[in-house]
Amino acid sequence: MEAESIVYFHPMQDRYKMTAAKRHWWESATLPAAVLPAETAGGFFVPVDCPVPPFSYKKKPWQEETLQQAMERVLHSAPGMADAYLHPQIMTLVSETNKTRWEPRRETVEGLAAALLAACAADCLYRGGRVNVLLGSPEDTDWQMEMTRHLLSPYLPRINSLTFYYEEVEGTDIWEETAEELETYGYEYGLVPAMKPYLASEEGLRCGREKCGGVILDYADTPRHPRVEREGQTVYADLTSHPEKELSCARKNGRLLYSSPLKYLDTVVKNEYYRKI
């Protein structure tokens with residue numbers, strides 16, 4: 001995995017409300033950062049907790065250049081090949097022209113996803129053996145298929161049902177595009193994945209009438225609203241950390257256990273804080 005450590009920039013909690021990024025005119029703005037043990041992330045990467053405090057020098061808000069310089073210093077001092085993951089509130093402080101600089105690399109997204117699956121979905125994968133994959137942008141199908149195989153590789157001997165939902169694109173044969181990845185499951189594990197198109201509706205694309213169970217792995221930028229079995233608990237791994245998806249899962253009366261990279265990093269940081277007090 002390319003990213004050996006992940007610096008998580010997130011808003012500073014109220015307990016630190018008196019902490020400032022800068023107190024005097026001669027000081028450089030700094031961000032507090034703590035390197036957490038790799039064990040807190042299951043050994044998948046080294047988390048670096050970096051809460052972003054209010055910029056209180058003369059009661060001024062953060063200037064984008066000042067914040068970016070402070071974040072760069074933290075990133076360059078982190079161990080190994082470091083990458084950043086920004087909380088959505090921190091991303092709003094970054095200008096549109098610099099947002100791509102702070103988007104996590106795909107290797108980082110994969111490392112986070114592997115860690116949250118191990119922490120939140122491993123038991124469900126081993127016991128239930130069912131996975132439903134909600135593919136997102138058709139332009140990223142190759143990457144999504146490859147990433148799915150990497151994420152599921154530790155659990156594939158126990159998986160007996162794998163379904164991909166995809167967006168139909170005129171002039172594109174999804175079976176031809178994904179043939180190599182699909183054949184890998186058959187050759188190595190005797191597993192034949194299913195491919196099902198999303199259905200069009202007034203609200204946009206949706207999953208079909210089939211009920212999903214086990215683990216739902218979601219790459220889509222907008223909610224696809226899968227139907228969920230009432231029996232047992234289904235783990236919903238939202239790789240886009242979409243707030244509407246989390247709210248939708250909360251309405252399922254405990255039948256959907258929601259997880260996402262953002263929620264996973266929040267949990268890692270909070271668990272380490274509570275462990276120390």
Side-chain angles (χ1 to χ4, degrees), residues 1-113 115-116 238-243 246 260-277:
M1 196 67 63
E2 185 178 350
E4 297 176 11
S5 60
I6 298 177
V7 183
Y8 179 39
F9 295 97
H10 60 92
M12 184 168 275
Q13 301 298 314
D14 289 342
R15 63 177 179 274
Y16 298 121
K17 63 183 178 180
M18 299 306 295
T19 303
K22 184 175 181 177
R23 287 293 186 187
H24 307 285
W25 66 267
W26 65 83
E27 292 180 335
S28 296
T30 58
L31 296 175
V35 179
L36 307 183
E39 292 75 16
T40 59
F44 288 91
F45 57 88
V46 176
V48 181
D49 174 23
C50 189
V52 178
F55 188 80
S56 68
Y57 176 63
K58 293 185 177 180
K59 298 183 179 179
K60 295 180 179 180
W62 277 104
Q63 293 182 342
E64 190 218 338
E65 183 179 355
T66 304
L67 175 61
Q68 179 151 316
Q69 290 174 352
M71 291 167 63
E72 291 283 5
R73 283 194 288 271
V74 173
L75 196 60
H76 293 157
S77 64
M81 183 70 74
D83 196 10
Y85 193 97
L86 273 61
H87 188 282
Q89 291 183 30
I90 304 303
M91 189 63 87
T92 62
L93 303 176
V94 178
S95 68
E96 290 296 328
T97 56
N98 285 321
K99 283 189 185 301
T100 54
R101 162 66 183 92
W102 296 103
E103 290 290 343
R105 295 190 295 265
R106 286 182 169 179
E107 294 86 353
T108 303
V109 174
E110 184 175 326
L112 275 170
L116 74 86
D238 170 24
L239 300 185
T240 64
S241 301
H242 196 293
E246 184 171 10
S260 70
L262 179 63
K263 186 169 185 177
Y264 178 76
L265 285 173
D266 277 337
T267 301
V268 167
V269 168
K270 290 175 182 176
N271 285 349
E272 183 65 11
Y273 169 75
Y274 290 131
R275 188 184 67 81
K276 291 182 178 180
I277 62 175

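Note that the structure is predicted; figures quoted are calculated from it, not measured.
- With a 4.5 Å cut-off on side-chain heavy atoms, R106 and E110 do not count as touching.
- For the pair V46 and E4, the minimum side-chain heavy-atom distance is 4.5 Å or more.
- Residues I90 and P11 form a side-chain contact, since some pair of their non-hydrogen atoms from C-beta on lies under 4.5 Å apart.
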For this session: Please step through side-chain contact (heavy atoms from CB on, under 4.5 Å) for the pair D83 and E107, ending with a clear verdict.
Result: CA-CA 9 Å; D83 196 10; E107 294 86 353; over 6 Å; no
For this session: Could you walk me through whether V109 and Y85 pass the side-chain contact (heavy atoms from CB on, under 4.5 Å) test, one step at a time?
Result: CA-CA 9 Å; V109 174; Y85 193 97; 5.6 Å; no
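- Within the 4.5 Å cutoff, side-chain heavy atoms of P79 are placed close to those of V35.
- Taking the side chain as every heavy atom from C-beta outward, M71 and L86 approach each other to under 4.5 Å.
- At least one donor-acceptor pair closer than 3.5 Å links the side chain of W62 to the backbone N or O of P53.
- Taking 4.5 Å as the limit, some side-chain heavy atom of D49 sits within range of a side-chain heavy atom of P51.
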Exercise. Passes side-chain contact (heavy atoms from CB on, under 4.5 Å), S28 versus Q69? Steps please.
Worked result: CA-CA 9 Å; S28 296; Q69 290 174 352; over 6 Å; no
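- Within the 4.5 Å cutoff, side-chain heavy atoms of L262 are placed close to those of P88.
- The minimum heavy-atom distance between V94 and K99, with the atom names listed, is O-NZ, 3.2 Å.
- Within the 4.5 Å cutoff, side-chain heavy atoms of M81 are placed close to those of R105.
- Classification of the F9-W102 ring pair by plane angle, with boundaries at 30° and 60°, yields perpendicular.
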